[in-house]
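Here's the structure we're looking at; comments come further down.
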Amino acid sequence: MFTHYETHEDPVWVYPKSDPAWKEQIIKEFKIHPVIAQILVSRGFSSLKEIHEYLYAKLPDLYDPFLFSEMPQAVDRICRALQGSENILIYGDNDVDGMTGTALLTDFLQTLDANVFFYVSTPGYSRESLIVEALGYALKNECKLLITVDCGITAAAEIAKVVEKNIDVIITDHHEPTHKIPYCVATLNPKLMDNSYPNRDLTGVGVAFKLAHALTNQLILDGKIPPKKIELKKYLDLVALGTISDMGALIGENRILVRYGIRQLRKTKRIGLAKLVAICGIDMNELCSYTIASKIAPRLNSLGRIDDPRKGVELLLIRNAQIAEKMAQELDLNNMYRQQIERTMSVDVEDLFIQQPNIFAGKAIIIHSEKWHPGVIPILAMRLSKIYNRPTIVLAMDKDKGKGSLRSIPEFPLLDVLKECQDLLESYGGHDFAAGLIIKAANLKAFKQRFVNIAETKLHSIDVKTKLYIDAEVKFDDITFDLIESIKLLEPFGNENPQPVLYFNAKQAWPPRVFGKMHLKLYLEQNDRMFEGIAYGKSAMSSLIRKKNLMLSVAFTPQVSHFQGQSIQLVIRDFKILEP
């Protein structure tokens, strides 16, 4: 994708931090591999307590859900609904985070014999305005309580319309509040200004789980249910799936939820989820955050982008194996169709770059078209932002209005910038590094100009250079199966807890080999030991490294290859030619 116009600037290597005394203290305290100790030094861990929590935190270490200041009101209102046999509507966003959170609360409340319905926003311009769409569904089913999942915090006006109809509302969300906080029974959001909950990084499904946790504790305390009626652990597969899919930070409490959630996912009793995993060609025992993010999440997300996301919730709740199989196959076909749309849009973007090469010369990228699918623009925005390391906005225009998807870099949080532009926008919301907006076509030119000017003012040249953060220098003698096993201590990997990147200096044993047209295989030697390394997408570098006995500095991640037995293979992230 974007092969002709990817920047071929070498990334800036950010070398490991050096603190030998602290590294020795970590090794001595935890009896861990020296390379793992160095990774912890490089990642800024500053106390033994912090490291212990990172490496060994368990489910009992989760925070008390009642640390949400309005949790008592939320729990009390749901208890009254259960007692009075009121109909409850769970209303969720249409991405995987919303689908998993909706499925979690629906399943949980069904276990408590509640009269529960669910509704998921259909793909459209605004998740918030669609709350009004759910209102009709709530009225039709005589629901007295509406609980939002992964949405609602920026929908004060829409929620007011729901409340007018004598329907109580509980908001569970994790998006940044950008406007007036809606008036309702309770708002559970770790990003509220006066929030007392310690984990600001919970995703939508994480907040939904906290509500289920609090309700369980209260019902047991009140003697309404026996302690063993609810097994909260069984919902962690949904929490892991939603958190990883929404790129939740895999640090702190999220790390506990996802680590145990992946274990739960490997033995899930959700037939639909098991069928989906099978159709992705994943061995349940090999399931990890990477396979969830790259294979399972895109298939579920395709529903929210081009089809009906309610099918995603249905798949997660289904108990009929035959229907589950059929639905999983449908999801697979949906995903193929989404990929086809994405390829067409990518070709459009390449053509646009050819015609207007100055688009990506500045410190921000803003592109728009009437031909692009509004459900697929987030994927384009994310990829372009990664390739060019710039804040990126991709807009799908439709006559006099446009829907925009924004992705950004750590040096350029989006929400304050969008606030500076709010007079030109119909609405906006999301997070500092992934947001959405609606704009009138008449304001597009002025918005582009203002956004780009802010980026040019706030960002320095170094900010928009791609950086490769390196965790430790190693010798070939360090690269063992024991090291790879030790690295597993740091799992699950994902946002804010990436796979470690190591580096070494070594000589080429013989010239590299191009394979699959795009990739390079390198043969590296150090002190009579040899390793093969694979550099994906680096075939263009082949001619530069054909000299005999050339010394290279190589940044890589080690992995076990099961091809023809077991061996260690190096996945090369980047390499530099060292001067003789």
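R200 places no side-chain N or O within donor-acceptor distance of the main-chain N or O of L192, the cut-off being under 3.5 Å. A donor-acceptor pair under 3.5 Å is absent between the side-chain atoms of T187 and the main chain of I171, judged by distance alone. E456 places a side-chain N or O within donor-acceptor distance of the main-chain N or O of K363, the cut-off being under 3.5 Å. When atom types are taken as modelled, the side chain of N497 and the backbone of P492 share a donor-acceptor pair closer than 3.5 angstrom. When atom types are taken as modelled, the side chain of D97 and the backbone of V205 share a donor-acceptor pair closer than 3.5 angstrom. Distance alone, capped at 3.5 Å, places no donor-acceptor pair between the T148 side chain and the Y91 backbone. D246 places no side-chain N or O within 3.5 Å of a backbone atom of G248 that could act as its donor or acceptor partner. Side-chain N or O atoms of S405 include none that pairs as donor or acceptor with a backbone N or O of G436 at under 3.5 Å. In this structure a side-chain-to-backbone donor-acceptor pair under 3.5 Å is present from D95 to G98. A donor-acceptor distance shorter than 3.5 angstrom exists from the side chain of E253 to the backbone of Y63, with no hydrogens or angles considered.
With a 6.0 Å radius and a threshold of 12 heavy atoms from other residues, nucleotides or ligands, K144 has its NZ atom at or below the threshold. Other residues, nucleotides and ligands place more than 12 heavy atoms under 6.0 Å from the CD atom of Q339.
Taking CZ of R407 as the reference point, atom CG of L380 lies at 10.5 Å (rounded to 0.5 Å). For the atom pair CD1 (I366) and CD (Q449), the distance works out to 10.5 Å, reported to the nearest 0.5 Å. Separation of atoms NE2 (H368) and CD (E370) is listed at 8.0 Å; rounding is to 0.5 Å. A distance of 8.0 Å separates NZ of K191 from NE2 of H175, quoted to the nearest 0.5 Å. The line from CG of N217 to CZ of F66 is 6.5 Å long, rounded to the nearest 0.5 Å. To the nearest 0.5 Å, the span separating CG on D463 from CD1 on I409 amounts to 6.0 Å.
Closest non-hydrogen pair, A57 versus Y260, comes out as O-CE1, 4.2 Å. L62 and K210 get closest at one heavy-atom pair: CB-NZ, 4.1 Å. The heavy-atom pair separating Y388 from R390 by the smallest distance is O-NH1, 2.5 Å. Nearest heavy-atom pair across T392 and S385 is OG1-CA, 3.4 Å. When all heavy atoms of G204 and V149 are compared, the pair lying nearest together is O-CG1, 4.4 Å. In plain terms, the two heavy atoms of I262 and C288 that are nearest each other are CD1-C, 4.2 Å.
Using a 4.0 Å cut-off between charged side-chain N and carboxylate O, R383 and E342 make a salt bridge. Taking 4.0 Å as the cut-off between side-chain N and carboxylate O, R77 and E86 count as a salt-bridged pair. Classification of D423 and R450 as a salt-bridged pair holds, one side-chain N sitting under 4.0 Å from a carboxylate O.
Residues L202 and L257 meet the side-chain proximity criterion, which asks for heavy atoms closer than 4.5 Å.
Y119 and Y137 have tilted rings, their planes meeting at an angle from 30° to 60° on a 0 to 90° scale.
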For I454 and C421, what are the C-alpha separation, side-chain angles and deciding distance, and is it a side-chain contact (heavy atoms from CB on, under 4.5 Å)? CA-CA 10 Å; I454 295 169; C421 303; 4.1 Å; yes
Under the criterion side-chain contact (heavy atoms from CB on, under 4.5 Å), I'd like the reasoning laid out for L418 against L406: C-alpha separation, chi angles, the key distance, then a yes or no. CA-CA 10 Å; L418 291 173; L406 300 81; 3.8 Å; yes
Test log, rule side chain to side chain donor-acceptor pair (under 3.5 Å), inputs T243 and N254: CA-CA 8 Å; T243 302; N254 281 8; 5.6 Å; no
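Each of L316, L109, V239 was compared with L104 under the side-chain contact (heavy atoms from CB on, under 4.5 Å) criterion, and only V239 meets it. The side-chain hydrogen bond (donor to acceptor under 3.5 Å, both in side chains) test with H174 singles out one residue from D150, N189, D201, and that residue is D150.
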